[in-house]
Amino acid sequence: MLDIKVIRANPEEVMRKLNKRGGEFKIPQVLELDEKRRELLGVVEELKGKRNKVSEEIAKIKKQKGDADSLILDMKEVSDKIKEGDDNVKKIEEEISTILLNIPNTPNDDVPKGDSDEDNKEIRKWGEPAEFPYEPKAHWDIGEDLGILDFATAGKVTGTRFTFYRGLGARLERSLINFMLDTHISNGYTEILPPYMANSKSMQGTGQLPKFEVDMFKVNNTDYYLIPTAEVPVTNIHREEILEGVDFPIKYVAYSACFRAEAGSAGRDTRGLIRQHQFNKVELVKFAHPEHSYEDLESLTNDAERILQLLELPYRVVCLSTGDLGFSSAKTYDLEVWMPSYNRYVEISSCSNFEDFQARRADIKFKEGPKGKAKFVHTLNGSGIAVGRTVAAILENYQQEDGSVIIPKAIRNYMGGINKITR
RNA sequence: GGAGAGGUGUCCGAGUGGUCGAAGGUGGCAGUCUCGAAAACUGCUGCACCGUAAGGUGCCGGGAGUUCGAAUCUCCCCCUCUCCGCCA
């Protein structure tokens, strides 16, 4: 959520930044409502002041056993006016908040302007895509041929966009989770195993609600949603808190299953592990000091990259353009892994700095020393990394002509020494 | 799921429908004392909003209500604890 004070102080600046994203934003309406609110507030508060004063008088009179009936009668009228005024203020505040909750974050100035992912800017590349002397197979074919991925059975048991992993496939997924967690823990992240459901307040805190309700699964007859990412429960750990005496950044790593309705993506990536309703992800979350959050974004991105480097998977880093930038984010780097059967790079991690956008929604502040004033923290997160897509990338990049798949060296210990999956 | 107890400031804890933003303690800050520290003593010490300011308004788990006036009374919801039931 943007700061109404910032909008009030320099509306042109805010509009200029938002316009980079394209689309219409109701900044003028917010300003108008804000003006109206302050006007009304003055009137109501004056009435309340009167009520407080006269109530005190009534108390005195009653103590001296005097007659306060006429004063009480007057106050009845004042009280009604206050009630009416309060209702009006509340209504305007709700209107303002509805608009603000639907306005995206302002992009950082070095985010490239663009209409879509085609305008994303490549920052760096790592590794060389392998040359295949034959047509490389897609991971869903490799996985099914090896008997380690079973999409058909998942379709019967649950529905489309779900998968059964079997045997070494299941073990590979589990090994990757442990490998990623261990790697990040050794880098100073504290491990979290969060709830897979979160309430609507938490969803609003990180920005999924109110705008993106259709993208989530809601649990019937409750206020709970299945989490689309561990970012939600982990960021909300510190909701409505003032962090005091902490060393920034606070670093958490969390494995969780993630659930996404994938509304509006019918027909896209329908095969394989790329776009599932349920997938596993190891997520990095940081709470940062506002003055250092962009350094923290760089190091967070590096921490995610390390996983791909250790697995020896070729990838590139792109800076998302305003056309591809998420609602809550001020700046995002995507990690894209090379996928031979797609003959292109595919997103496998997304690392973002939300600045104080989420912190303001979730009310997460910090204090520098006991005398300091509480200020909003900056929140960041990034996939470290998407596990299902990593399995897909390993199957494709490490495939052999005979249909077997070599296990990357970094995870062989986790696989009990197995170095190859064969039929 | 059933029965009960409770949610007050950094924390602990008191609170009569009417000078209660809230006693007392604890913590924090500043000062006195000291070579210095501890102890003791004194003072200060919450947040948000409106306002250039003076100042004002709101906040005692959340919401609604009763009342001229609510931390205090009523209703609904949330959370914590104890006991019982059920359960991996």
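These values consider heavy atoms only, across backbone and side chains, with no hydrogens, waters or symmetry-generated copies. As the structure is a computational prediction, the values presented were derived from the model and not from experiment.
Near-neighbour residues of RNA chain B inside residues 3-13 of chain A, defined by a heavy atom below 4.0 Å, number-ordered: A:K5, A:R8. RNA chain B lies under 4.0 Å from at least one heavy atom of each of the following residues of residues 72-82 of chain A: A:I72, A:M75, A:K76, A:S79.
Dashed line: the shortest gap from a side-chain N or O of A:R38 to OP1 or OP2 of B:C49 is not under 4.0 Å. Considering only side-chain N and O atoms, A:K48 lies nowhere under 4.0 angstrom from the phosphate OP1 or OP2 of B:C59. Remark: A:N52 is not in phosphate contact with B:G69, judged by side-chain N or O atoms under 4.0 Å from OP1 or OP2.
Between B:G21 and B:U57, the two P atoms lie 10 Å apart (nearest whole Å). Using C1' as the reference atom, B:C73 and B:G15 are 15 Å apart when rounded to the nearest Å. Taking atom C1' on both B:A23 and B:A14, the two are 6 Å apart, rounded to the nearest angstrom. Across B:G25 and B:U42, the matching P atoms stand 10 Å from one another, rounded to whole Å. B:U19 and B:C60 have their P atoms separated by 16 Å, with the value rounded to a whole Å. Taking the P atom of each, B:C83 and B:G69 are spaced 44 Å apart, rounded to whole Å. For the P atoms, the distance linking B:G56 with B:U45 amounts to 16 Å, nearest Å. If you take atom C1' in B:C79 and the same atom in B:G63, they sit 15 Å apart, rounded to whole Å.
No side-chain donor-acceptor contact under 3.5 Å links A:D296 and A:S293. Side-chain contact of A:N105 with A:S329: a donor-acceptor pair under 3.5 Å is absent, judged by distance alone. Judged purely by distance below 3.5 Å, without hydrogens or angles, the side chains of A:E213 and A:Y225 pair a donor atom with an acceptor atom. A:E298 and A:Y333 are linked by a side-chain donor-acceptor pair at a separation below 3.5 angstrom, with hydrogens and angles left out of the test. When only modelled atom types and interatomic distance are considered, A:S404 and A:T422 share no side-chain donor-acceptor pair under 3.5 Å. A side-chain N or O of A:E173 and one of A:N280 form a donor-acceptor pair less than 3.5 Å apart. A donor-acceptor pair shorter than 3.5 Å can be found between the side chains of A:Y315 and A:Q309.
The interatomic distance linking A:D86 (CG) with B:G65 (C1') rounds to 14 Å, in whole Å. If you take CG of A:L40 and P of B:C50, they are 14 Å apart, rounded to a whole angstrom. Distance A:I242 CD1 to B:C47 P: 8 Å, rounded to the nearest Å. Distance CZ (A:F366) to P (B:C47): 15 Å, rounded to an integer number of Å. Put simply, CG on A:D34 is 12 Å from P on B:C49, counting in whole angstrom units. For A:K50 and B:G69, the NZ to P distance is 14 Å, given to the nearest whole Å. Spacing between atom NZ of A:K365 and atom P of B:C47 amounts to 10 Å, rounded to whole angstrom units. What separates NZ of A:K53 from C1' of B:U57 is a distance of 12 Å, to the nearest Å.
Across all strands shown, A:G49 has heavy atoms under 4.0 Å from sugar-phosphate atoms exclusively, and none from any base. A:K60 comes within 4.0 angstrom of no nucleic acid atom, judged by non-hydrogen atoms across all strands. Among the heavy atoms of the strands lying under 4.0 Å from A:L41 are primed sugar atoms or P, OP1, OP2 only; no base atom is included. Within the 4.0 angstrom heavy-atom criterion, no nucleotide atom of any strand lies near A:K201.
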Start with the C-alpha distance between A:D303 and A:R306, add both sets of side-chain angles, then the distance that settles salt bridge (Lys or Arg N to Asp or Glu O under 4.0 Å), and finish with yes or no.
-> CA-CA 5 Å; A:D303 291 337; A:R306 189 160 300 112; 3.1 Å; yes
Go through the steps for A:E240 and A:K201 under the test salt bridge (Lys or Arg N to Asp or Glu O under 4.0 Å), then give the verdict.
-> CA-CA 11 Å; A:E240 287 151 49; A:K201 212 168 178 186; 3.6 Å; yes
Worked check of salt bridge (Lys or Arg N to Asp or Glu O under 4.0 Å) between A:R16 and A:D109 | CA-CA 10 Å; A:R16 178 184 68 75; A:D109 276 332; 3.7 Å; yes
Where do A:F366 and A:F248 land on the ring-ring contact (aromatic ring centres under 6.0 Å, His included) test, with the steps shown first?
-> CA-CA 10 Å; A:F366 74 103; A:F248 283 115; 5.3 Å; yes
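Between A:R268 and A:E262, none of the side-chain N atoms (NZ, or NE/NH1/NH2) sits under 4.0 Å from a carboxylate O, so this pair counts as no salt bridge.
Atom NZ of A:K218 has more than 12 heavy atoms from other residues, nucleotides or ligands within 6.0 Å.
For the side chain to side chain contact (heavy atoms under 4.5 Å, CB included) with A:I61, the lone residue among A:L71, A:D69, A:I72 that qualifies is A:L71.
Side-chain proximity of A:R51 to the nucleotides B:C68, B:C50, B:A48 is greatest for B:C68.
No hydrogens or angles were tested; on distance alone, a donor-acceptor pair under 3.5 Å links the side chain of A:E45 to the base of B:G56.
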Which dot-bracket notation, 5' to 3', represents the base pairing of RNA chain B when pairs are defined as Watson-Crick or G-U with both distances under 3.5 Å, crossing pairs as [ ], and inter-strand pairs as |?
-> ((((((((..[[..)..(.....]].((((((.......))))))(((((....))))).[[[[[..)....]]]]])))))))....
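In this structure, A:E93 and A:E46 both approach RNA chain B, and ranking their closest nucleotides by distance from the 5' end singles out A:E93. Nearest-nucleotide assignment on RNA chain B puts the 5′-proximal partner with A:A374, out of A:A374 and A:K83.
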